[in-house]
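Presented below is the structure to which this report refers.
Computation of the quantities below employed the complete heavy-atom set of this structure, encompassing side-chain atoms and omitting hydrogens, waters and symmetry-equivalent molecules.
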Amino acid sequence: MFPLLLDGVGFARAGNAILHDVHLRITEGSCTVILGPNGAGKSVLMRVMHGLLAPTSGRVRWGDLAAPPSSQAMLFQRPVMLRRSVLGNVAYGLVVRGVPRREARRRALDVLEAVGLRHLAERPARVLSGGEQQRVALARAATLRPRILFLDEPTASVDPAAMRSIEAGIAALHGAGTTVVMVTHHLGQARRLAQDILFLDNGRVSECTPAPEFFQQPRSRAAADFLKEELP
Amino acid sequence: MDTLSASFHAAVALLLHGDDHLYGIVALSLRVSFIAVVLAAAFALPAGALLAVGRFRGRRTLTVLLNGFMGLPAVVVGLTVYLLLSRAGPLGSFGLLFTPTAMSIAQALLVFPLLAALSRQVVEDAWSEYAEQLRSLGASNLQAAWTLIADTRWSLSTVLLAGFGRAIAEVGAVMIVGGNIDGVTRVMTTAIALETSKGDLPLALGLGLVLLALVLLVNALAHGVRIWAAGGPR
């Protein structure tokens, strides 16, 4: 299913162009962080890659696959917890993929154990704090053993402790071979996690640069201005 | 005013010294409408959820039709079921006309659009919150619809109560397909209609107050169950 190729992808909503002619190549095992100002189209780009939105022009190609693979998962800024137990939430993705319920719950428990959330398994997921919910959402994504994981500002609304735990989880998944694509507004987080930085400005890709190089000397003017204005 | 106070006394007297005859009527009312709501809900909830989640041609038209049919006149439903179940009708061989089963069928048809339209609204509101997450996790439309029904169960229980309220309060459909046969198909509303036409207004109003109390009681019970089962803010 790799490389993931975006070939002249554009996206418009109600006549407003949000993405213009995006060319992009995501290789297996990479960790790409998408940076850019508000309204640059970062979230839309990620949804197009994940298949939640269909591009209005251009193509999204997954290696030589004819259809988008099911081996992908996404974390949203605000996770949606189903009105059931934490265990039920984590097992849900497996159940809809046809894994027998008992087997799904066993695998979900294993993942909860591994990420240190075993004690929450029987709690109703909706009463957890935002940080706990996002950790459960990451466990839910991990249970699917995705080969690529998309994250849309996963730590934007959680406290520092939960953020560290989520970053550790992302790093562990990446270490185990999962390809990671993430949007963040947190430059420190981008420095800690990214291999490559994709800079998006006004719906166009300004540059795609290895992270150390990007933070030292961005190639595009837009990115340089962005780095100057952002607090570290 | 005399009629009102007299009817109030009649209601209290009915409840205090209620005989088996009255309890029989009350029990039949409850049973007929309960079965009707269960029967209708079995089809209406999935239909409403699929209408909310699905993206198919004619979806808007169906929604408008359902919303319109929420106000279906009970007598029209009664008449239709009567024609279907009468001896000469297509389902006449089952011999259901003038039985409680026929009354349940008529009420089920009456409340189906109400249940389907309201559950569509409830599920659609939840869908706008859940859609991306469920699709991202790989749920098909059918799976998403089922998940949303499970997740909106408390709101949907209110929808079911609305359906029950409509069913137990209607008189036109049960009158036509049930025939108001004493001891067989007489329910609260048909009894009220009969007493009114006989001129016994206090008794009719008294029965009405009993019916009202009954509906309130069912709603209070359901509310209590809901709070108990939710066990918290949700």
Decide yes or no for A:R135 and A:L117: does some side-chain heavy atom of the first lie under 4.5 Å from some side-chain heavy atom of the second?
yes

Working to the nearest 0.5 angstrom, can you tell me the gap between A:T32 OG1 and A:D196 CG?
5.0 Å

Heavy-atom donor-acceptor pair, B:D151 side chain to A:R83 backbone, under 3.5 Å:
yes

Taking all non-hydrogen atoms of both residues, which atom of B:A108 and which atom of B:A40 are closest, and how far apart?
O-CB, 3.5 Å

Any heavy-atom pair between the side chains of B:L115 and B:L160 that's under 4.5 Å?
yes

Scan side-chain atoms only and decide if A:E28 and A:T179 contain a donor-acceptor pair under the 3.5 Å cut-off.
no

May I ask you to list the residues in residues 127-148 of chain B that approach chain A closer than 4.5 angstrom, counting heavy atoms only, ordered by number?
B:E129, B:Y130, B:E132, B:Q133, B:L134, B:R135, B:S136, B:L137, B:G138, B:A139, B:Q143, B:T147

To check you understand the geometry: which heavy-atom pair defines the closest contact between A:A121 and A:L109, and what is its length?
CB-CD2, 4.1 Å

Heavy atoms under 4.5 Å from chain B: which residues of residues 167-176 of chain A carry them?
none

Using non-hydrogen atoms and a limit below 4.5 Å, what part of residues 57-69 of chain B faces chain A?
none

For A:F76, I'd like to know if atom CZ has over 12 heavy atoms of other residues, nucleotides or ligands within 6.0 Å.
yes

Would you check if A:V60 and A:L5 make a side-chain contact, meaning some heavy-atom pair closer than 4.5 Å?
no

A:G29 and A:Q195: which non-hydrogen atoms are nearest, and at how many Å?
O-OE1, 3.8 Å

Under 4.5 Å heavy-atom distance to chain B, tell me which part of A:Y92 shows up: side chain, backbone, both or neither.
side chain

I'd like to check A:S85 versus A:R123 (side-chain heavy atoms, cut-off strictly below 4.5 Å). Are they in contact?
no

With a 4.5 Å limit on heavy-atom distance, are the side chains of A:T155 and A:Q134 in contact?
no

For a quick test of reading the model, state the closest non-hydrogen atom pair linking A:A73 to A:L144 and the distance between them.
CB-CD1, 4.3 Å

Between B:L84 and B:P90, is there a side-chain heavy-atom distance shorter than 4.5 Å?
yes

Please tell me if the side chains of A:L193 and A:Q189 come closer than 4.5 Å, counting only heavy atoms from C-beta onward.
yes

Are there residues of residues 37-54 of chain A that reach to under 4.5 Å of chain B by heavy atoms, and which ones?
A:R47, A:H50, A:G51, A:L52

What I'd like to find out is whether the side chain of B:L51 reaches to under 4.5 Å of the side chain of B:F56, using heavy atoms alone.
yes

Under 4.0 Å between a side-chain nitrogen and a carboxylate oxygen: does that hold for B:R166 and B:E170?
no

